[in-house]
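Report on one structure; see the data block that follows.
Only heavy atoms go into these numbers, but all of them, side chains included; no hydrogens, no water, no symmetry mates.
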Amino acid sequence: MDGQGWADIAYSVAVCEHGYVFEGRGAGVQCAANGNAGLNRDHYAVLALVGSAGHTVPTKAQVDGIRDAIAYLRRHGGAGSEIRGHRDGYATECPGAALYTLVRSGTLEPGATDEKGDSAGAYTVRSGDTLTRIGAKLGVRWQDLASLNGIRAPYLIRPGQRLKIPGPQPKRTPVYQPFPGAAWFKRNPKSPVVTAMGKRLVAEGCSAYRSGPGPQWTNADRESFRKWQRKLGDAPAYCDGWPGKRQWDALKVPHV
């Protein structure tokens with residue numbers, strides 16, 4: 001590393017022969033292991049600790065760990081569906097014949113099945129694991145793990161046990177409160193919309209409230225919104241405390 005001027009591991013994650021997954025650069029960070037800038041920008045890099053001599057064939061635990069790593073990068077890093085070997089995009093023998101065979105066969109896909117017929121939305125319990133630790137690793141709630149696998153209090157699991165993993169929850173598109181119109185505020189409304197707006201203003205550091213916010217529109221709401229208008233960088237003529245549609249939409253008040 002010193003001779004090359006490197007400062008960290010180039011891979012996103014690494015998986016040892018025992019199936020443990022180690023975070024390198026992690027999810028959401030560009031890797032530096034794929035050979036060129038384009039490949040590094042467009043792909044994560046999962047390092048399987050196998051070599052050209054000695055340990056050359058991935059163990060079953062290691063295959064499971066690679067699946068876990070791929071599932072993790074998809075859940076937390078937005079990784080796509082493609083799984084490729086290093087040699088598919090760069091002149092190298094990596095990842096070796098045995099591992100490349102698994103890549104080509106689809107065995108490493110988290111939705112694949114192994115020789116026991118387990119779906120790859122599955123996890124093999126390791127020594128020291130708890131439902132909480134597994135859930136944190138895979139980005140799922142431990143309660144959902146327990147429910148899906150019929151595990152009840154005191155929620156005991158054992159090494160070697162295969163757990164089904166809940167699929168990722170669909171992302172919900174936030175729904176925001178429509179702009180009620182400038183005239184609506186000038187009628188001194190009393191509404192949960194005013195409370196929701198006030199909470200967003202507080203969250204944005206634009207509070208002029210001594211108490212609240214509450215449902216009744218007051219001068220404190222107007223002064224708080226004036227702070228928001230200034231934070232947006234609007235011209236003084238547009239910083240009178242009365243909400244405008246663009247300013248309201250930028251505040252992203254949750255729908256009530």
Identified side chain to side chain contact (heavy atoms under 4.5 Å, CB included) counterpart of Val13 within the set Leu73, Ile70, Ile66:
Leu73
Check whether any side-chain heavy atom of Leu49 sits under 4.5 Å from a side-chain heavy atom of Gln62, and report yes or no.
yes
I'd like to know whether CG of Asn219 has more than 12 heavy-atom contacts from other residues, nucleotides or ligands below 6.0 angstrom.
no
Is the ring pair His86/Tyr90 parallel, tilted or perpendicular, if the boundaries are 30 and 60 degrees?
parallel
Is any side-chain heavy atom of Tyr11 closer than 4.5 Å to one of Arg25?
no
For Gly214 and Val194, which heavy atoms make the closest approach, and how far apart are they?
O-CG1, 3.6 Å
Same cluster or not: Val256 versus Tyr176, using hydrophobic residues (I, L, V, M, F, W, Y) connected whenever any side-chain heavy atoms lie under 4.5 Å apart?
no
Minimum heavy-atom separation for Leu201 and Ser224, please, with both atom names.
CD1-CB, 3.7 Å
Does the side chain of Glu204 reach to within under 4.5 Å of the side chain of Leu251, using non-hydrogen atoms?
yes
On a heavy-atom basis, the closest approach of Ala208 and Glu223 is CB-CB, 3.8 Å
Are the side chains of Val15 and Leu47 in touch, meaning some heavy atoms are under 4.5 Å apart?
no
State whether the side chain of Asn149 and the backbone N or O of Ala146 hold a donor-acceptor pair below 3.5 Å, judged by distance alone.
no
Counting N and O atoms only, with roles assigned by atom type, does the side chain of Gln216 sit under 3.5 Å from a partner on the main chain of Pro189, one being a donor and the other an acceptor?
yes
Tell me, do His43 and Ile83 make a side-chain contact under 4.5 Å, heavy atoms counted?
no
Over 12 foreign heavy atoms within 6.0 Å of NZ, Lys231
yes
Closest approach of Pro178 to His255 (non-hydrogen atoms, all atoms of both residues):
CD-CD2, 3.9 Å
Heavy-atom donor-acceptor pair, Arg126 side chain to Gly160 backbone, under 3.5 Å
no
What closest approach, in Å, do Asn40 and Asn34 show between heavy atoms, and which atom pair accounts for it?
OD1-N, 2.8 Å
CZ of Arg104: more than 12 outside heavy atoms within 6.0 angstrom?
no
Ser12 (side chain) donor-acceptor with Ala45 (main chain) under 3.5 angstrom
yes
Name the orientation class of the two ring planes belonging to Phe225 and Trp248 (parallel below 30°, tilted from 30 to 60°, perpendicular beyond 60°).
parallel
Between Glu109 and Arg67, is the closest basic N to carboxylate O distance under 4.0 Å?
no
cation_pi(Arg222, Phe185) dist<6.0 Å, angle<=45:
no
Please work out which of the three classes, parallel, tilted or perpendicular, describes the rings of Trp217 and Trp242, given edges at 30° and 60°.
parallel
After noting the C-alpha distance and the side-chain angles of Arg246 and Asp249, does the key distance pass the salt bridge (Lys or Arg N to Asp or Glu O under 4.0 Å) rule?
CA-CA 5 Å; Arg246 176 185 54 79; Asp249 291 344; over 6 Å; no
